[in-house]
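Below is one structure, written out as structure tokens, with a few remarks after it.
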Amino acid sequence: MTALAITKPEASILPQRGGFFGRLSDSLWRHPKLLLFLMLTPPLLWLGIIYIGSLIALLLQSFFSIDDFSGMVNYEFTLDTYAQLLNPGNFDIIVRTILMAALVTVASALVAFPIAYYAARYAQGKWKALFYLGVMLPLWSSYLVKIYAWKLILAKEGILTWLFDKLYLSWLLDGVLALPVVGGNSLSVSYLGTFIVFVYIWLPYMILPTQAALERVPGNLIEASADLGATPHQTFRTVLFPLALPGIVAGSIFTFSLTLGDYIIPQIIGSSRLFIGQAVYTQQGTAGNVPLAAAFSVVPIVIMAIYLWLAKRMGAFDAL
């Protein structure tokens with residue numbers, strides 16, 4: 001009886017499968033590291049050649065210069081192209097873009113936080129589903145369609161002008177448009193219009209990380225803060241905001257970086273003054289100054305690298 005109950009060790013092992021694919025499958029099963037290597041090699045090659053390789057080529061181009069007489073690229077190492085970024089016209093483009101990106105990020109955070117807080121603390125069931133639908137729905141529509149729709153809304157004869165006229169607030173709109181830095185002939189050709197569209201386009205990228213961070217805040221911490229006598233302002237400053245900061249930082253990475261590199265929105269809505277993305281497009285396409293276009297492209301990369309380094313030093317990514 002005992003001898004019958006004991007099976008031979010080799011009987012429990014399946015025989016090797018025949019054919020090329022069978023032997024290959026058995027070999028990969030016996031060598032999981034080889035399987036992992038084969039699975040990761042294609043995407044890593046794609047990332048290394050297409051993405052990192054293009055960045056390296058871009059960086060190398062920025063160290064070349066344009067010959068003033070022939071207009072050809074001079075393939076000799078020089079920092080003159082980066083020195084051109086300090087010219088008043090080019091430096092104004094950089095400052096203008098950074099300032100716009102910072103304002104868009106701050107405004108997006110201010111608008112997104114109460115929406116995300118309500119969704120995280122109060123929305124339940126179908127209301128939370130409706131929240132996600134409302135946030136994600138704009139992302140499903142065409143990028144250009146949204147921009148041109150806003151151009152019609154902000155135009156001089158658009159819906160917004162009509163609304164201000166019906167509310168007898170045309171004087172307020174005219175006063176804002178008369179401001180030398182913010183205004184223009186209409187909202188569709190002003191910095192204010194560009195700012196509004198930027199906030200609308202990138203707002204979902206701020207709402208979702210903030211809402212995810214707020215959902216991870218335990219409700220008993222807020223209740224304990226109130227029980228200990230903290231005011232709502234103190235609870236927000238000492239409990240809620242520090243715990244939600246990683247989500248806000250994650251959202252700011254999206255809004256800040258996307259605003260830095262965007263050139264379509266300022267091209268369609270805004271004044272004739274360039275942003276970094278437009279400068280890259282103009283220098284590479286119209287002017288044919290590839291080294292200067294590459295130098296402009298390096299600026300957002302450096303800015304975002306410094307921003308991410310500072311955020312990491314502050315510990316903002318610890319809870320992500």
Side-chain angles (χ1 to χ4, degrees), residues 47-48 51-52 54-56 58-60 62-63 79 81-86 90-117 120 191 194-195 198-217 221 233-263 265-266 274-280 293-320:
L47 178 66
Y51 182 70
I52 299 178
S54 62
L55 287 179
I56 294 175
L58 178 69
L59 180 63
L60 293 176
S62 65
F63 290 108
L79 296 177
T81 304
Y82 283 101
Q84 294 180 26
L85 295 178
L86 300 179
N90 294 333
F91 191 71
D92 286 346
I93 294 174
I94 297 174
V95 173
R96 184 182 307 119
T97 306
I98 295 175
L99 183 61
M100 177 64 75
L103 292 175
V104 169
T105 299
V106 173
S108 298
L110 293 176
V111 175
F113 194 90
I115 299 174
Y117 182 80
Y191 285 139
T194 308
F195 168 79
F198 268 133
V199 172
Y200 168 79
I201 294 294
W202 307 137
L203 185 60
Y205 297 97
M206 179 65 77
I207 294 177
L208 294 176
T210 305
Q211 186 263 345
L214 287 171
E215 278 197 339
R216 293 196 296 267
V217 177
L221 291 181
H233 173 72
Q234 291 174 327
T235 301
F236 171 79
R237 182 170 53 85
T238 60
V239 178
L240 191 61
F241 180 75
L243 294 176
L245 184 60
I248 298 174
V249 171
S252 70
I253 293 173
F254 289 109
T255 56
F256 191 77
S257 61
L258 292 172
T259 306
L260 277 179
D262 195 286
Y263 73 97
I265 292 177
L274 301 179
F275 287 78
I276 289 179
Q278 293 172 286
V280 173
F296 267 116
S297 301
V298 172
V299 173
I301 298 175
V302 174
I303 293 173
M304 287 308 302
I306 295 174
Y307 176 79
L308 292 175
W309 177 76
L310 291 175
K312 184 174 176 27
R313 285 289 300 269
M314 292 186 299
F317 296 153
D318 292 345
L320 282 179

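Position 1 is the first residue of the sequence; numbering continues from there.
- A search for side chain to side chain contact (heavy atoms under 4.5 Å, CB included) contacts involving Leu79 returns Phe63, Phe77, Tyr82, not counting sequence neighbours.
- Atom-to-atom distance recorded for Gln211:CD and Arg216:CZ is 10.0 Å, nearest 0.5 angstrom.
- Between Phe198 and Pro266, some side-chain heavy-atom pair lies under the 4.5 Å cut-off.
- Residues forming a ring-ring contact (aromatic ring centres under 6.0 Å, His included) with Phe195 (at least two apart in sequence, or on another chain): none.
- For the residue pair Phe296 and Ile94, the shortest heavy atom distance occurs at CE2-CG1, 4.1 Å.
- Nearest heavy-atom pair, Val199 versus Ala107, reported as atom, atom and distance to 0.1 Å: CG2-CB, 4.1 Å.
- Using a 4.5 Å heavy-atom threshold, the side chains of Tyr263 and Val280 count as separate.
- To the nearest 0.5 Å, atoms OG (Ser257) and CD1 (Ile303) are separated by 11.5 Å.
- Every residue two or more places apart in sequence or in another chain was checked for a side-chain hydrogen bond (donor to acceptor under 3.5 Å, both in side chains) with Ser297, and none qualifies.
- Rounding to the nearest 0.5 Å gives a distance of 6.0 Å between CD1 of Ile98 and CD1 of Ile276.
- In this structure, Ala250 and Pro209 approach most closely via the heavy-atom pair CB-CB, 4.1 Å.
- Take Phe91 and apply the ring-ring contact (aromatic ring centres under 6.0 Å, His included) test, not counting sequence neighbours, and it matches no residue.
- A heavy-atom distance below 4.5 Å is not found between the side chains of Phe275 and Thr259.
- Just one of Val104, Ile301, Val299, Thr97 meets the side chain to side chain contact (heavy atoms under 4.5 Å, CB included) condition when paired with Leu260; it is Thr97.
- Leu214 approaches Ala116 most closely through the heavy-atom pair CD1-C, 3.7 Å.
- Applying the side chain to side chain donor-acceptor pair (under 3.5 Å) rule to pairs touching residues 246-256 yields Thr105-Thr255, Ser252-Tyr307, sequence neighbours excluded.
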Side chain to side chain contact (heavy atoms under 4.5 Å, CB included) evaluation trace for Met206 with Phe254:
CA-CA 7 Å; Met206 179 65 77; Phe254 289 109; over 6 Å; no
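- The two residues Ala294 and Ser62 come nearest to each other via the heavy atoms CB-N, 3.7 Å.
- Nearest approach of Leu274 to Arg96, heavy atoms of both residues: O-NH1, 2.6 Å.
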Donor-acceptor list for residues 236-244 side chains, cut-off 3.5 Å, not counting sequence neighbours:
from	atom 1	to	atom 2	distance (Å)
Thr238	OG1	Gln234	O	2.6

List the steps, then state whether side chain to side chain contact (heavy atoms under 4.5 Å, CB included) holds for Leu99 with Leu103.
CA-CA 6 Å; Leu99 183 61; Leu103 292 175; 4.2 Å; yes
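- Here OG1 of Thr210 is found 10.0 Å from CD1 of Ile115. Values are rounded to the nearest 0.5 Å.
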